[in-house]
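Proteins get letters first, then strands, A, B, ... in listed order; numbering begins at 1 in each.
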Protein chains: 2
Amino acid sequence: MIQVQPENERVATNMIGFRPLYRQVRDTLVRRIADGVWRPGQLLPSEPELATDLGVSQGTVRKALDEMTAENLVTRRQGRGTFVAKHDDARMLFQFFKLVPDRGEREVPESKVLRVSTEIEPAAAKQLHISVAEPIVVIERLRLLAGTVHVAERICVQAALFPGLETHEAPNNLYDLYSRSFGVTVCRASERLKAVAATANEAEHLGASPGDPLLEVDRVAFSLDGRRVEWRVSRCRTDSVHYASDVR
Amino acid sequence: MIQVQPENERVATNMIGFRPLYRQVRDTLVRRIADGVWRPGQLLPSEPELATDLGVSQGTVRKALDEMTAENLVTRRQGRGTFVAKHDDARMLFQFFKLVPDRGEREVPESKVLRVSTEIEPAAAKQLHISVAEPIVVIERLRLLAGTVHVAERICVQAALFPGLETHEAPNNLYDLYSRSFGVTVCRASERLKAVAATANEAEHLGASPGDPLLEVDRVAFSLDGRRVEWRVSRCRTDSVHYASDVR
DNA sequence: CAGTGGTCTAGACCACATG
DNA sequence: ATGTGGTCTAGACCACTGT
């Protein structure tokens, strides 16, 4: 019996900051996932179990889980159960990798790391809302589609959040590594897109000419608990690929 | 009594193409909105009314309306009722206008129409999935933020869908005009973004130099009933603004 | 005050997956 | 056969809105 309550005493109605029960349940479950009680890919307890554990009705648990499904935090399968979402499959990679060939199928990009270092980087610290004195791990890498370099990017994270990150073999899907090895699960990102001119250095890496137009994607990624955990600036050739965005 | 049924005879279970009741209700309500039974901004019948009208429980109506809320098709206000979403307020404009100043508040763009014509335009017909012989209305215009031209765009729609569109004073928010005057409500769009080099003509309009990097936004807009109703290509200066995208 | 949507509960039946 | 999530129902109480 792990009651969600109190917080909602029927007495003190009209209180500001009131959250409905199903949202408290959601937050409780998210917290447990963030804390590693259930790891990505793992099966959650069934709805009736959670309901009795938390002291609420099954319908309330269902509403909480439905919200989490909409947020891509869990996957539900009829007859199987509810699973913590994984980042390692193609679908989850594509959730954040929005570069698509103009013609032909979507494909998984390759990665080629150029440089990894730990530095004081005030600009990154500012983006991540942490002290400018905090050490930052900086990763520079290229990404390839169909064997051709399309992206040059620079990734900045707080070193203290990812101890030993520099020594890891940087995998294709960084967010999977963050989640598996450091318990930091990226669930959403805010991106700013611009068209910029390629520098000489970028042009060389990307097989373009200086001054060629590149798509710059400036992304801040947020973890389950709402912290800013990564700042990434990608510069992309878009002559044969495009950035796909669905607006609703 | 306007039954939703049959379609779901309990007898023929396991039928492919099965849709749950609440989705049939949703589709029925969407159809009525698309058909103009309820106009944008208008109040819908209450949940109990809809439930008895459609011969389902209130909970099922609620689930349908919740989906429509998530799709920005209706707005619900406790104590007031459920309203058909409007496109004319700033929030709805911003749903599709994603260009934001790098510093400072979001603002509503001005529009300056350069040219309106009706032509045979095979490329547009292909994008809209209609016959290449269908006449197309082409609108070319500039959009300004803080008095400065930031966007040059070319908009193509099927002339038959918008009779007399050329004679209209083109307003700031085209989608509001589509909805009010032609009963075509845009509810979502698919966009492809690229970085391109400005042509001499674009450079002149945008106050830039030929070859300067521009952000190209290639958008197909869909109406409530799922038809492709507009193809629009925008070319944007992004030196002091950016395209904002939230990924989840 | 009456009527609306928002929340919460309890229980039924279904389709799907696994043993 | 059992247990899971998916759907559907019925009814309760609440908070908000207008009269």
Nearest-Å distance for atom pair [atom1]/[atom2], residues [X] and [N]:
| X | N | atom1 | atom2 | result |
| --- | --- | --- | --- | --- |
| A:L21 | C:dA10 | CG | P | 12 Å |
| A:L50 | D:dT4 | CG | C1' | 13 Å |
| B:F83 | D:dT17 | CZ | P | 11 Å |
| B:K63 | C:dG5 | NZ | C1' | 18 Å |
| B:D66 | C:dC8 | CG | P | 13 Å |
| B:R62 | D:dC14 | CZ | C1' | 12 Å |
| A:E67 | C:dG6 | CD | P | 13 Å |
| B:Y22 | D:dG5 | OH | P | 16 Å |

Taking OP1 and OP2 of [N], is either one under 4.0 Å from a side-chain nitrogen or oxygen of [X]?
| X | N | result |
| --- | --- | --- |
| B:R77 | D:dC16 | no |
| B:S46 | C:dT4 | yes |
| B:T60 | D:dT7 | no |
| B:T82 | C:dT4 | no |
| B:R80 | D:dC16 | no |

With the side chain of [X] defined as its heavy atoms from C-beta on, choose the nearest nucleotide among [options].
| X | options | result |
| --- | --- | --- |
| B:V56 | C:dT9, D:dT9, C:dC8 | D:dT9 |
| A:S57 | D:dT9, C:dA10, D:dG6 | C:dA10 |
| B:P20 | D:dC8, C:dC16, C:dG5 | D:dC8 |

For the pair A:Y178 and A:F162, name the ring-plane relationship: parallel under 30°, tilted 30 to 60°, perpendicular over 60°.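 Aromatic pair A:Y178/A:F162 classed tilted.
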Kindly assign one of parallel, tilted or perpendicular to the pair B:H87 and B:Y175, based on the angle between their ring planes and the thresholds 30° and 60°.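 It falls in the tilted class, 30° to 60°.
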Under 3.5 Å side-chain donor-acceptor pair for A:S245 and B:E191: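 Per modelled atom types, A:S245 and B:E191 side chains form no pair under 3.5 Å.
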Name the residue closer to the 5' end of DNA chain C, choosing between A:V61 and B:G79 according to the nucleotide with the nearest heavy atom.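 Looking at DNA chain C, the more 5' nearest nucleotide goes with B:G79.
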Testing A:D102, A:L99, A:L215 one by one against A:H242 for a side-chain contact (heavy atoms from CB on, under 4.5 Å), which residue passes?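 Exactly one option meets the side-chain contact (heavy atoms from CB on, under 4.5 Å) with A:H242, and it is A:D102.
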Testing the basics here: between A:Q58 and A:P48, what is the closest heavy-atom pair and its distance to 0.1 Å?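 Reported closest heavy-atom pair: OE1-CG, 4.0 Å.
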